[in-house]
Amino acid sequence: MAKDKKVEQITDMDVDFAQWFTDVVTKAELIDYAGVKGFFILRPYAYAIWENIQAILDKRFKELGHENVSMPMLIPESLLQKEKDHVEGFAPEVAWVTHGGSEALAERLCVRPTSETLFCDHWSHVLRSWRDLPMLYNQWCSVLRWEKTTRPFLRHREFLWQEGHTLHATADEAEQETQQMLGVYADFCENTLAMPVIKGRKTDKEKFAGAVATYSIECMMHDKKALQSGTSHYFGDGFARAFDIQFTDKDNTLKYPHQTSWGMTTRLIGGLIMTHGDNNGLVLPPRIAPVQVVVIPIAMHKPGVLEKAQELVSRLKSSGIRVKGDTSDQSPGWKFAEHEMKGIPLRIEIGPKDIENNQCLAVRRDNGEKTAVRLSELETAIPALLDQVQIGLYNKAKKNLTDNTRPVTNVAEAKAVMAENGGFIKSMWCGDLACELQMKEEAGVSSRCIPFAQEHLGDTCPICGKPARHMVVWGVAY
RNA sequence: CGGGGUGUGGCGCAGUUGGUAGCGUGCGUGCUUUGGGAGCAUGAGGCCGUGGGUUCGAGUCCCACCACUCCGACCA
């Protein structure tokens with residue numbers, strides 16, 4: 001058996017990345033397939049990751065003044081129709097409820113693909129005065145989009161997410177909110193999920209149906225493809241006008257408020273898997289891992305071993321670490337492989353020899369490095385190792401992103417770089433849709449975003465030769 | 001929605017020229033083990049994806065459908 005691949009059931013990621021991904025989500029007990037195409041069961045381990053994501057984001061949202069609400073799951077067709085761009089964007093992929101029991105409904109109801117229309121309808125009822133603003137709402141729920149091809153985590157027909165919806169007195173304030181929440185997402189991705197991001201604005205072609213501007217954070221997966229990991233939209237007052245949401249401002253005139261929405265989904269879990277995973281399975285950053293440390297007793301039926309292992313578990317638990325002891329009746333080798341597959345960041349082995357020496361052996365999931373830890377230093381050494389894993393994962397992903405983002409100055413070069421290396425390319429752009437489409441046609445890439453961190457790579461658009469307006473990052477997206 | 005691949009105990013697979021289903025692993029029980037997926041014994045578990053057809057007889061041949069999966073187009 002190859003040294004770097006102990007789990008034969010997992011396909012080698014460099015041979016077939018898509019198959020590797022499918023193997024990991026099933027073998028790590030994250031996903032089960034449900035009875036309807038595109039619907040997936042998040043098993044306890046996957047849901048625990050989602051709960052950690054929720055806990056951290058939810059706390060952050062609330063710190064910034066947002067309140068959670070719960071909107072209905074069904075939207076009357078007439079309501080969905082109110083904003084033209086929005087309905088055109090979503091109509092092809094909504095599911096309809098047409099019957100209640102055996103009675104046909106007078107008006108068919110769409111299962112929410114997103115809840116802008118519901119929030120707008122509600123706001124049109126409750127908004128009166130400038131004193132009611134801003135309204136900073138969020139909801140955790142699932143939405144449904146009838147996708148054609150589906151994949152675990154990356155494209156479910158029903159997926160869990162949070163959708164923030166806010167209403168502001170001025171355009172300026174709404175723009176600020178849009179940026180602020182994009183910043184929250186970027187910070188969460190980088191510091192909690194150890195996924196480096198590119199922050200930027202979407203081109204008109206890629207922006208959300210009904211939005212004035214869409215911003216996103218883009219991540220690079222291990223296979224160098226792009227995953228949009230969070231979006232934040234500025235709507236202007238378009239929805240407010242369509243839904244007749246008005247308030248009386250300080251100057252006693254009726255005004256339309258300005259609106260935002262922003263979301264993150266269970267797709268992030270797919271991002272985690274594809275960013276950090278390896279040929280032994282999942283690799284989880286300690287800050288999001290449901291179990292950060294697993295303690296494995298060696299020769300556990302020998303006197304004192306089990307007791308010592310349990311002592312380590314309770315000591316780590318009291319110092320705030322999410323830790324589990326594995327006292328199941330399996331061989332140690334089996335346990336090593338199992339917990340590697342599940343991506344547990346740190347493994348602690350404790351056996352008779354360790355006990356004799358007053359130490360235990362800590363093994364990092366990200367690089368396999370083994371460290372003998374003196375038992376007296378457990379409470380300081382283990383958190384320090386966890387931090388190192390967290391940083392190690394981030395740095396590795398960051399290197400992947402920077403090493404595989406290449407500037408190009410003409411279409412032929414773009415094509416060549418994509419054919420040879422893949423990854424992201426960055427180039428200047430005139431802003432015309434035609435050039436964006438040509439890039440897709442010739443190099444096979446779509447625009448990921450217009451990064452906030454602009455670089456000057458030239459004066460002209462490499463596609464048409466007209467004066468350039470922005471630098472764009474391009475890539476193949478999930 | 002277009003193109004490929006796969007559907008047989010939980011999982012991974014075999015099944016020859018059509019003759020009534022087998023292997024590995026996992027699971028249960030008992031004992032021995034434990035520093036990289038332990039060993040022996042014993043036991044349970046199958047409408048062969050679904051529906052038609054051909055045949056004395058179909059896992060096997062024919063037709064249709066469905067599901068999963070991969071690659072495109074669309075999307076978070």
Side-chain angles (χ1 to χ4, degrees), chain A residues 1-11 16-23 25-27 29 32-40 89-90 92-94 113-114 142-163 185 202 205-206 208-209 214 216-219 226-233 261-271 280-281 296-302 305-306 326-341 347-355 360-361 363 368 370 372 440-441 444 446 476-478:
Chain A
M1 213 181 295
K3 192 180 170 225
D4 60 343
K5 186 172 178 295
K6 295 140 197 154
V7 185
E8 287 167 298
Q9 297 94 322
I10 296 181
T11 304
D16 184 344
F17 192 74
Q19 190 58 51
W20 168 86
F21 179 79
T22 306
D23 287 349
V25 300
T26 52
K27 301 287 169 16
E29 300 181 336
D32 187 27
Y33 289 86
V36 181
K37 177 183 165 65
F39 289 74
F40 297 90
F90 281 102
E93 54 182 29
V94 294
T114 179
S142 71
V143 289
L144 196 140
R145 302 177 185 180
W146 212 254
E147 302 286 352
K148 285 165 184 165
T149 38
T150 58
R151 293 187 70 188
F153 292 117
L154 303 176
R155 181 146 300 110
H156 294 193
R157 282 180 172 170
E158 182 191 20
F159 57 91
L160 297 171
W161 77 346
Q162 60 71 215
E163 46 179 328
Y185 288 161
K202 286 288 190 186
K205 177 179 178 292
E206 301 284 330
F208 180 85
T214 290
S216 75
I217 47 174
E218 302 287 331
C219 298
L227 189 80
Q228 178 179 310
S229 301
T231 49
S232 187
H233 313 288
S261 81
W262 27 275
M264 268 190 161
T265 78
T266 40
R267 189 183 224 199
L268 277 177
I269 299 173
N280 291 336
I296 298 179
I298 306 294
M300 66 182 185
H301 297 308
K302 297 230 167 98
V305 175
L306 208 50
D326 186 347
T327 55
S328 69
D329 194 20
Q330 295 284 3
S331 72
W334 189 93
K335 293 177 186 175
F336 297 166
E338 176 68 13
H339 296 115
E340 275 166 10
M341 187 136 65
R347 169 175 90 231
I348 291 179
E349 300 172 27
I350 177 92
K353 286 182 236 164
D354 296 307
I355 295 171
C360 62
L361 192 66
V363 185
K370 297 183 178 184
K440 174 78 189 175
E441 181 66 28
S446 56
V476 178
Y478 271 98

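Labels below follow one simple rule: chain letters A, B, ... track the order of the sequence lines, proteins then strands, and each chain is numbered from 1. Basis for what follows: all heavy atoms, side chains included, without hydrogens, waters or symmetry-related copies.
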A:Tyr33 atom OH is separated from B:G7 atom P, nearest whole Å, by 16 Å

For [X], give me all partners under salt bridge (charged side-chain N to carboxylate O under 4.0 Å, His left out), at least two apart in sequence or on another chain.
| X | value |
| --- | --- |
| A:Arg155 | A:Glu147 |
| A:Glu163 | none |
| A:Glu93 | none |

Which residues pass the side-chain hydrogen bond (donor to acceptor under 3.5 Å, both in side chains) test with [X], sequence neighbours left out?
| X | value |
| --- | --- |
| A:Gln228 | A:Lys202 |
| A:Arg347 | A:Glu340, A:Glu349 |
| A:Ser331 | none |
| A:Ser261 | A:Glu116 |

With sugar-phosphate meaning primed atoms plus P, OP1 and OP2, does A:Phe159 contact a base, only sugar-phosphate, or nothing at under 4.0 Å between heavy atoms?
base

Once you apply a heavy-atom cut-off of 4.0 Å, does A:Glu349 come out as touching a base, just sugar-phosphate, or nothing?
base

Hits for side-chain contact (heavy atoms from CB on, under 4.5 Å) against A:Lys148, two or more places apart or cross-chain, chain-then-number order -> none

List in chain and number order the residues that pass side-chain contact (heavy atoms from CB on, under 4.5 Å) with A:Ile355, two or more places apart in sequence or in another chain; answer none if no residue qualifies.
A:Val305, A:Lys308, A:Ile350

Stem regions touching RNA chain B, defined by at least 3 consecutive Watson-Crick or wobble G-U pairs below 3.5 angstrom
B:1-7 with B:66-72, B:10-13 with B:22-25, B:27-32 with B:38-43, B:49-53 with B:61-65

Parallel, tilted or perpendicular: which describes the rings of A:Trp20 and A:Phe17, with under 30° parallel and over 60° perpendicular?
parallel

Along nucleotides 24-33 of chain B, 5' to 3', which nucleotides get a B, which get an S, and which get a -, given that the test is a protein heavy-atom distance under 4.0 Å?
---------B

Please list, pair by pair, any protein nitrogen or oxygen found under 3.5 Å from a nitrogen or oxygen in nucleotides 71-74 of chain B.
unit_1, atom_1, unit_2, atom_2, d
B:A73, N6, A:Thr149, OG1, 2.8

